[in-house]
Structures are given as C-alpha cells and as structure tokens.
Amino acid sequence: LNWFGDGAYLLFFIGNFKWEKKGEIKLLISFLVSGVLTVLFMVFFYGIFKSIAFRQQFALTEMSKYSNVINSLGRFDYIGIFLILFSSFFAISLPVFFACHAISVAFNLKHKYIVAIIISGLVFAFVCLFGEYVYSLRILITENLPVLFLTFGNIIPALTPLLLIKRKKLNETV
C-alpha cells in the first residue's frame, strides 16, 4: 500500500489547471498506459528471474548482472536505468513540494521558501540520521504501517470531495 497512494497527488491540481476538450480521456489513457507498462514489466521480470525476483530491490539495474551476453559495450539497459533515475527525481521531489504547498496554504504563509528550507532540512536530517537503517525502516513500513498508508493514501483523499460540499453550503449561507 505504500507504493500505490500517488493518486492523491492529483488532488493538489484541483482547480489549478485549464480544462480542455477530451482532457479526461487523455488523463485516463495515460494512467492506463502507465499501469499496463508496470504490470508488463513485472510479468517479464518475474518470468525471467523467478526464484531470485522477490529479493531484488532495483530490478532494472540488476537484470544485466545475471546475463553473460551483455558486456559494458552496447548495454541498452543504461537507457532504462537513466529513465528510472530521472523519474525517481520527480517521485522524490513531489511529496516534498506538496508538503511545502500544503503547509503554506494551511498556515497562510507568504514566504514559501522558508517552508521549503525547513521541510528540505527535515528530510536531510532524517536521511542523515537513519541512512544506515534503511532495511529496518523498509521492514517497518511494509509490514507494520499498511493501515496508515491505506488511510492517508486512499481513504482520506477519497473523502476530500465532501469538503467541497461543506464549503458550498457555507458560501450559500453567507
């Protein structure tokens, strides 16, 4: 559950983008294509590496390790590794960006760069303090906190449209 709550990021875009014709179809197709490509990659990866697949944390970078044919010249997997690392930049920076935005809006702060410095400093401190406990933290997150991720990644975002209903009622009474 901790890897599939990214749909909540779309809530930050409500009311902040221009609507165009067939926009919902484009959005739906992009989600479907990314989901199909992810499932296809997992099928191929587990089909090829069967017994060792569940132990690999960084699947694409590990594929070439088990192949005698691939050497350093002409390795096409470098392109895939680069693309995954490039997308990881956004996967890491989006939560920090949205945390800064949410705190700025919640507390009506004008100097957003101060919030960004504080949040980035907290992330940096966390990485410095707990960097050597990555495996233990992963076990904690994946085995002990799925209810937390289900609540904050799926249930609460699904209930946020109810806030708009309450806001409309408040605006009508004023």
Side-chain angles (χ1 to χ4, degrees), residues 1-48 53 56-61 63 76-124 126-127 138 141-142 145-174:
L1 290 172
N2 58 321
W3 286 292
F4 298 107
D6 295 340
Y9 294 149
L10 295 176
L11 294 173
F12 286 96
F13 295 113
I14 293 176
N16 294 319
F17 64 95
K18 289 185 180 180
W19 193 256
E20 59 183 45
K21 284 186 176 181
K22 299 182 182 178
E24 65 272 358
I25 293 173
K26 292 177 186 177
L27 189 63
L28 182 63
I29 289 173
S30 68
F31 269 111
L32 286 175
V33 167
S34 67
V36 167
L37 287 176
T38 303
V39 170
L40 209 70
F41 174 78
M42 295 300 289
V43 166
F44 281 119
F45 183 75
Y46 276 88
I48 292 170
Q56 300 302 322
Q57 289 183 359
F58 305 105
L60 191 62
T61 57
M63 278 185 173
F76 62 90
D77 62 332
Y78 282 147
I79 296 169
I81 292 168
F82 175 75
L83 291 174
I84 285 181
L85 292 175
F86 184 72
S87 67
S88 295
F89 171 76
F90 293 104
I92 291 169
S93 59
L94 270 179
V96 174
F97 173 77
F98 287 134
C100 294
H101 178 71
I103 290 172
S104 297
V105 170
F107 295 110
N108 198 16
L109 301 173
K110 298 187 190 280
H111 302 291
K112 295 181 181 180
Y113 64 89
I114 295 174
V115 176
I117 291 171
I118 292 171
I119 296 292
S120 298
L122 288 173
V123 170
F124 180 73
F126 184 82
V127 169
R138 191 187 74 170
I141 289 170
T142 57
L145 299 178
V147 173
L148 185 76
F149 286 105
L150 177 68
T151 304
F152 287 106
N154 298 314
I155 295 172
I156 291 176
L159 296 176
T160 54
L162 298 176
L163 296 173
L164 293 175
I165 294 170
K166 186 175 181 179
R167 179 180 281 177
K168 283 183 182 179
K169 287 182 181 177
L170 287 174
N171 288 340
E172 290 174 2
T173 57
V174 174

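The residues of the chain are indexed from 1 along the displayed sequence.
- Note that CD1 of I156 is 10.0 Å distant from CG of L150, once rounded to the nearest 0.5 Å.
- Around CZ of F152, the count of heavy atoms belonging to other residues, nucleotides or ligands within 6.0 Å does not exceed 12.
- Shown here for E20 and K26, the closest heavy-atom pair between the two residues is OE2-NZ, 2.9 Å.
- Of the possible donor and acceptor atoms, none in the side chain of S120 sits under 3.5 Å from a partner among the backbone N and O of I117.
- Using a 4.5 Å heavy-atom cutoff, the side chains of F107 and V115 are not in contact.
- Y113 and H111 have perpendicular rings, their planes meeting at more than 60° on a 0 to 90° scale where under 30° would count as parallel.
- The distance from atom NZ of K112 to atom NE2 of H101, rounded to the nearest 0.5 Å, is 6.5 Å.
- Side-chain contact between L159 and L162: present, with at least one pair of heavy atoms (C-beta onward) separated by less than 4.5 Å.
- Distance CD1/I119 to CZ/F98: 14.0 Å, rounded to 0.5 Å.
- Put simply, the side chain of L109 does not reach to within 4.5 Å of the side chain of I114, judged on heavy atoms.
- K22 contributes atom NZ, which lies 15.5 Å from atom CG of L27 (distance to the nearest 0.5 angstrom).
- Taken from CG in L122 to CZ in F126, the straight-line distance is 11.0 Å, to the nearest 0.5 Å.
- Nearest heavy-atom pair, C100 versus A116, reported as atom, atom and distance to 0.1 Å: SG-CA, 3.4 Å.
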